[in-house]
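These notes are about the structure you will find just below.
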Amino acid sequence: MDFKKSRRNRKLDSWITIVLLSSLALSLNFIISNVNSNIDLTPDKKFILSRETLALLNKMEDSIDIVITIKNNNDLPKIVQKMLSDLDILLQKFKQESTKYPINIYRLNLDSPKNIKGSLLGYNISNENAITLYSPRGTQKTIFRFEDKQSANPYDLTQTFKSRDSHARQAIWQSELYEDWTETGRGVLEPTFFRGEQVLVEAILEVAGPKEEKKVVYFTRGHGEASPTDFDSESGFSEFRRIFEESNLNVTTLDLSLVDTVPKNAKMIVIAHPKGIFLDKEVANLRNFVLNEHGSVLLCIDPVSEISVIDRPVFGLRNVLKEWGIRCHDMLVYDSDTQNYDYFSGAYYLSTYPTSRPHQIIKPLMEQEFRIFGSRCRPVESIQNKGSIFQSSELLYSSRDSWALSGWPNRKNPPQKNNLLDIDGPIPVVAISETKFKTKKSKIAVVGCSTIFSNQNLKRNSGNKYLGRNIVRWINENSAYLNIPPKKINQYTLSMTDKDFKKMTYLSILVPALVVALGFFVSWLRKEL
């Protein structure tokens, strides 16, 4: 037997096996890379688009060009690098979907104008550090823009010190690509949820969706109401105005006592934190707007002691609210449990949701266990009137330990519960009503605490902002947006000293070296034996 030839054949067989296995691996890799499909096994479906998003993308009436003019390099603030990483994953999912019209993604360096070619030349692209959506029909929308400002001089007393990272965080917060910012162990606010999918879908439909006449939201005036142009950081309502504008609605004010009918372009009337009584003519205008014009009303009211004893309950709106299936008591929600209040601000937590069949407005908040921040609340309950064309439901409640105080301006503090006149908790604070028709629905939402939508609470608490968006989209008949959930971000931090870092570096080199040395030793040992 020729042992030399046998050994040579075994080596040849081994090399043939290696070549065949390598060819198989490369072939499989090539085939899989050309298959436009993926399977997401993560529990929260992090790497696929939601069914609601896919349904909304079918409403596109033109192609979309998403232009990113941010230079992705290590010099960017870490929070911007993180945003670009999350956005890259999302944009690839949008690009892979087989939509009726294509979604194109371009990354441009504006320092090199030669990169701008073809259809991009007609867009007049000039915004640096921005993410903008363009459509061939001439519409565009910027969803993020970062002014790359260098940190201010900390020794210059004429200007407020703000680091470059702080400027970046402010830009990302204003873009609303993330929400629920929480403080980490390093004292830095980090986002918990990524809502880029919802932001992109809204922008795509605004730029390339069906062309519709822009409707108007009218905030009433003449009764001491809150103004949508009030930018006060605590009590203003400018943040609430932004939520309406996100839904492609114009916002202005209206005095119902000076008009015979509500303007034809009105989509919704908002009554925010009134302090005076509405006249019969104004109530008649509201009633006609809802019943005959298929309009909608959002009412945000508080318990007000000055008029609670006057014989015109709920600012003169009790009868029309009852007709719409909602009863709003002139009472005050009282809760003695300090666990239901924020330790620093004194804000009252609302976190009790319906136990069965929650409405689509509140269901996402219920699943994410959001708390809603408010202050003094009044009861708002749904009632079912026999033969009524309205159906109503309750969305949010006070705690089970609370109760509603009757005649509260004259009660002592702390009050003693009156079992005959007071109402046991949980007390409904937010209720909605809508007509039973399948088309041209009139919708009413009543919130028993106007500070839920104040600038202070909308800025600091994602639950309040989420609730406001969902109510506006429900009224604006953009219900599909309600079910696009934000993606939870998994954050990991590694903290170590310089000594620990060096030890980890040595181990990462030593262990592979030992494995290689052991392989050579085993190979030598086989030859010797």
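Because the structure is a prediction, the values reported are computed rather than measured.
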Determine the minimum heavy-atom distance between [X] and [Y], stating which atoms define it.
X	Y	result
T352	S399	OG1-CA, 3.8 Å
G468	F453	CA-CE2, 3.5 Å
K267	K215	CB-CB, 3.5 Å
S257	L279	CB-CD1, 4.3 Å
I372	G463	CD1-O, 3.3 Å
C328	V314	O-CG2, 3.0 Å

First locate atom [atom1] of [X], then atom [atom2] of [Y], and finally report the distance between them rounded to the nearest 0.5 Å.
X	Y	atom1	atom2	value
R241	L458	CZ	CG	14.5 Å
L467	I362	CG	CD1	5.0 Å
L56	I204	CG	CD1	10.0 Å
R287	N319	CZ	CG	10.5 Å
N285	D255	CG	CG	10.5 Å
I326	I432	CD1	CD1	8.0 Å

Would you call the rings of [X] and [Y] parallel, tilted or perpendicular, taking 30° and 60° as the class edges?
X	Y	result
F373	Y349	tilted
F240	F219	perpendicular
H359	W474	perpendicular

Any heavy-atom pair between the side chains of [Y] and [X] that's under 4.5 Å?
X	Y	value
S398	Y334	no
I103	M60	yes
E282	L258	no
F194	L90	yes
I301	S450	no
I271	L298	no
P228	V251	yes
Q391	E434	yes

Sidechain-backbone polar pair: [X] side chain, [Y] backbone, donor-acceptor under 3.5 Å:
X	Y	result
D232	E234	yes
N457	N464	no
S454	S235	no
Q92	I89	no
S175	F144	no
R195	L177	no
S296	I444	no
S433	W324	yes
Y341	D335	yes
K436	S388	yes

| said: Pairing donors with acceptors under 3.5 angstrom, does anything connect the side chains of R371 and S351? | reply: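 Result is no, nothing qualifies.
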| Going by atom types only, do T435 and S442 share a side-chain donor-acceptor pair under 3.5 Å? |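 No - no donor-acceptor pair under 3.5 Å links their side chains.
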| task | Please assess L291 against F390 for the test side-chain contact (heavy atoms from CB on, under 4.5 Å), listing each intermediate value before the final yes or no. | result | CA-CA 10 Å; L291 293 178; F390 289 90; 3.7 Å; yes
| field | Heavy-atom neighbours of R460 CZ exceed 12 at 6.0 Å | value |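 Counting neighbours around CZ of R460, more than 12 heavy atoms of other residues, nucleotides or ligands fall under 6.0 Å, so yes.
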| message | Are more than 12 heavy atoms, taken from residues, nucleotides or ligands other than Q416, located less than 6.0 Å from that residue's CD atom? | response |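 Not more than 12 within 6.0 Å, no.
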What residues, two or more places apart in sequence or in another chain, satisfy salt bridge (Lys or Arg N to Asp or Glu O under 4.0 Å) together with [X]?
X	result
K281	D260
D401	none
E239	R242
K459	none

| field | Verdict with reasoning, Y218 to V270, per side-chain contact (heavy atoms from CB on, under 4.5 Å) | value | CA-CA 6 Å; Y218 287 97; V270 179; over 6 Å; no
| request: With sequence neighbours excluded, tell me which residues meet side-chain contact (heavy atoms from CB on, under 4.5 Å) with V207. | output: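 Counting only residues at least two positions away or on another chain, V207 forms a side-chain contact (heavy atoms from CB on, under 4.5 Å) with I64, L133, S135, T139, K141.
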Decide, yes or no, whether a salt bridge links [X] with [Y] under the criterion of side-chain N to carboxylate O below 4.0 Å.
X	Y	value
E225	K275	no
E190	R169	yes
R411	D422	yes
R473	E202	yes

| task | Report the C-alpha separation of E197 and T53 in whole Å, then their side-chain angles, then the decisive distance to 0.1 Å, and conclude whether the side chain to side chain donor-acceptor pair (under 3.5 Å) test is met. | result | CA-CA 8 Å; E197 183 176 340; T53 294; 2.5 Å; yes
| query | So, do F278 and F315 have ring centers that fall under 6.0 Å from each other? | reply |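 When the ring centroids of F278 and F315 are compared, they turn out to be at least 6.0 Å apart.
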| Do Y353 and Y397 have ring centroids that are under 6.0 Å from one another? |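 Centroid separation for Y397 and Y353: 6.0 Å or greater.
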| task | Check the pair D86, Y178 against side chain to side chain donor-acceptor pair (under 3.5 Å), reporting the backbone distance first and the verdict last. | result | CA-CA 10 Å; D86 291 335; Y178 294 93; 2.6 Å; yes
| task | Decide yes or no on side-chain contact (heavy atoms from CB on, under 4.5 Å) for F237 and S227, but give the supporting numbers first. | result | CA-CA 6 Å; F237 269 68; S227 169; over 6 Å; no
| query | Can you list the residues that meet the side chain to side chain donor-acceptor pair (under 3.5 Å) rule with T451, with sequence neighbours excluded? | reply |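 If we apply the side chain to side chain donor-acceptor pair (under 3.5 Å) test to T451, skipping adjacent residues, the hits are S375.
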| field | Test side-chain contact (heavy atoms from CB on, under 4.5 Å) applied to V217 and N250, step by step | value | CA-CA 6 Å; V217 174; N250 286 328; over 6 Å; no
| query | Quick one: which of S406, P303, P379 gives a side-chain contact (heavy atoms from CB on, under 4.5 Å) with L332? | reply |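 Single side-chain contact (heavy atoms from CB on, under 4.5 Å) partner of L332 among S406, P303, P379: P303.
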